[in-house]
Amino acid sequence: MEKTIAETFKEKNAEILKNKMLLDLNNNDDSLKLTLKNKISLLCIKFSQRINNFLKENNIDSYEFKKISEIFIEFSNELEKFVLKITTNRKEYIKKYIFETKLIDLEMLNNEIDETVKISKSEIDIIINEMIYIDLSDNINKNVDFNEEYQKEELIDKLKKFDTEISNSIINSIEERNKSLKNVLLETKNKVDELNIKTSIKFDKK
């Protein structure tokens with residue numbers, strides 16, 4: 001049985017919906033990447049200053065101020081690479097649902113978007129802990145001769161705060177962009193639904 005003109009237009013509108021949603025997703029992902037890059041850079045600068053202040057307050061002279069800053073710059077670059085992977089995985093996860101679903105169910109799509117927070121948090125808890133408590137901590141210890149053992153413990157306490165701020169900042173940013181994405185996708189779907197209604201009315205009259 002041949003398709004009616006209205007059905008053909010409805011299929012085209014469904015394709016328009018998917019393409020527009022993918023564009024919305026790409027724009028949202030670009031915004032998230034930029035936000036996280038800026039946040040990571042600022043947090044690393046802030047904590048490098050905190051560590052330098054901590055070392056100065058404890059009269060630890062066997063280190064170079066510049067070296068601590070360099071360590072955090074290196075850490076910032078590695079963290080950005082990891083976060084880029086997280087955001088790319090998020091985008092691909094949502095993109096897969098849009099591509100593979102014949103008819104977009106907004107509630108199901110929103111559930112998939114929410115799921116990216118759980119997936120991201122699981123990766124963050126493992127990888128960032130390793131990056132901070134092994135890589136970053138070792139790098140600092142290699143370049144600083146602590147006077148007392150308790151100073152090393154205080155350093156770990158400060159790194160715990162750094163870990164919390166970094167992890168929360170990433171997750172909060174993902175949640176914020178998810179919320180924004182849901183709103184944009186709702187607007188897009190409403191516009192295409194209106195287009196379908198107008199198309200149906202137009203061809204029903206004929």
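We number each residue from 1, following the sequence as shown.
- When the options Asn190, Leu186, Thr188 are evaluated for a side-chain contact (heavy atoms from CB on, under 4.5 Å) with Leu106, the one that passes is Leu186.
- Formation of a donor-acceptor pair under 3.5 Å by the Lys18 side chain with backbone atoms of Thr101 is found in this model.
- A chain of hydrophobic side-chain contacts below 4.5 Å, direct or via other Ile, Leu, Val, Met, Phe, Trp or Tyr residues, connects Ile126 to Leu36.
- Transitive grouping of hydrophobic side chains (ILVMFWY, heavy atoms separated by less than 4.5 Å) keeps Ile86 and Leu25 in distinct clusters.
- Without hydrogens or angle criteria, Thr87 side chain to Leu84 main chain gives a donor-acceptor distance under 3.5 Å.
- Residues Lys121 and Ile170 are not in side-chain contact: their nearest non-hydrogen atoms beyond the backbone lie 4.5 Å or more apart.
- Distance alone, capped at 3.5 Å, places no donor-acceptor pair between the Ser120 side chain and the Val117 backbone.
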Practice prompt. Step by step, work out the side chain to side chain contact (heavy atoms under 4.5 Å, CB included) result for Ile128 and Glu123.
Written response: CA-CA 8 Å; Ile128 290 188; Glu123 291 185 68; over 6 Å; no
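- Between the Asp163 side chain and the Asn129 main chain, no donor and acceptor come within less than 3.5 Å of each other.
- Distance alone, capped at 3.5 Å, is enough to place a donor-acceptor pair between the Asn178 side chain and the Ile113 backbone.
- Within a 6.0 Å sphere centred on CD of Glu165, other residues, nucleotides and ligands contribute more than 12 heavy atoms.
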Worksheet item: Lys189 and Asp193: salt bridge (charged side-chain N to carboxylate O under 4.0 Å, His left out), yes or no, with the steps?
Response: CA-CA 6 Å; Lys189 189 169 190 309; Asp193 286 345; 3.2 Å; yes
Item to complete: List the steps, then state whether salt bridge (charged side-chain N to carboxylate O under 4.0 Å, His left out) holds for Asp29 with Lys33.
Response: CA-CA 6 Å; Asp29 179 65; Lys33 283 182 170 70; 2.4 Å; yes
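- A pairwise comparison of heavy atoms in Ser76 and Ser41 identifies OG-CA, 4.1 Å as the closest pair.
- In this structure, the separation between CG on Leu79 and CG on Leu43 is 9.0 Å, given to the nearest 0.5 Å.
- Rounding to the nearest 0.5 Å places CZ of Phe82 at 10.0 Å from CD of Glu130.
- Taking the centre of each ring, Phe72 and Phe162 come in below the 6.0 Å mark.
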Discussion item. Please determine whether salt bridge (charged side-chain N to carboxylate O under 4.0 Å, His left out) holds for the pair Glu15 and Lys12, giving the CA-CA distance in whole Å, both sets of side-chain angles, and the decisive distance to 0.1 Å.
Written reply: CA-CA 5 Å; Glu15 194 64 29; Lys12 286 185 177 179; over 6 Å; no
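- Within the structure, side chain to side chain donor-acceptor pair (under 3.5 Å) contacts touching residues 144-153 (residues at least two apart or in different chains) do not occur.
- Atom CE of Met21 is separated from atom CG of Asn26 by 13.5 Å, given to the nearest 0.5 angstrom.
- Arg50 has its side chain out of reach of Lys158: every pair of non-hydrogen atoms, C-beta onward, lies at least 4.5 Å apart.
- The side-chain heavy atoms of Asn172 and Glu175, taken from C-beta on, include a pair separated by under 4.5 Å.
- A 4.5 Å side-chain heavy-atom check between Ile16 and Asn13 finds at least one atom pair inside the cut-off.
- A distance of 11.0 Å separates CG of Asn52 from CD of Glu57, quoted to the nearest 0.5 Å.
- A ring pair (Phe, Tyr, Trp, His ring centres under 6.0 Å) check over residues 87-146, counting only residues at least two apart or in different chains, returns nothing.
- Hydrophobic clustering (side-chain heavy atoms under 4.5 Å, transitive across Ile, Leu, Val, Met, Phe, Trp, Tyr) keeps Leu32 apart from Ile98.
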Worksheet item: Going through the distances and angles, do Arg90 and Arg177 end up as a side chain to side chain contact (heavy atoms under 4.5 Å, CB included)?
Response: CA-CA 11 Å; Arg90 165 188 176 266; Arg177 297 320 302 166; 4.0 Å; yes
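- For the pair Lys182 and Asp114, the salt-bridge criterion is met [side-chain N within less than 4.0 Å of a carboxylate O].
- Within a 6.0 Å sphere centred on NZ of Lys46, heavy atoms belonging to other residues, nucleotides or ligands number more than 12.
- No chain of hydrophobic side-chain contacts below 4.5 Å, direct or via other Ile, Leu, Val, Met, Phe, Trp or Tyr residues, connects Ile73 to Ile40.
- Under 4.0 Å is where a charged nitrogen must lie from a carboxylate oxygen, and between Lys20 and Asp24 at least one such pair does.
- Put simply, the side chain of Asn58 never gets that close to the backbone of Ile60: no donor and acceptor are under 3.5 Å apart.
- Between Glu115 and Lys118 the shortest side-chain heavy-atom distance falls below 4.5 Å.
- Ile94 and Ile174 fall into different hydrophobic clusters, where Ile, Leu, Val, Met, Phe, Trp and Tyr residues are linked whenever their side-chain heavy atoms come under 4.5 Å apart, directly or through other members.
- Ile127 contributes atom CD1, which lies 12.0 Å from atom CD of Glu78 (distance to the nearest 0.5 angstrom).
- We find the CD1-CZ distance between Ile140 and Phe75 to be 9.5 Å, quoted to the nearest 0.5 Å.
- Judged by distance alone, the side chain of Ser31 and the main-chain N or O of Asn27 form no donor-acceptor pair under 3.5 Å.
- At least one side-chain heavy atom of Thr35 sits under 4.5 Å from a side-chain heavy atom of Lys39.
- Side chains of Ile71 and Asn143 form a contact here, defined as non-hydrogen atoms less than 4.5 Å apart.
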Worksheet item: Where do Ile166 and Met131 land on the side chain to side chain contact (heavy atoms under 4.5 Å, CB included) test, with the steps shown first?
Response: CA-CA 11 Å; Ile166 285 284; Met131 290 178 71; over 6 Å; no
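- The shortest side-chain heavy-atom distance between Ile156 and Ser137 falls under the 4.5 Å cut-off.
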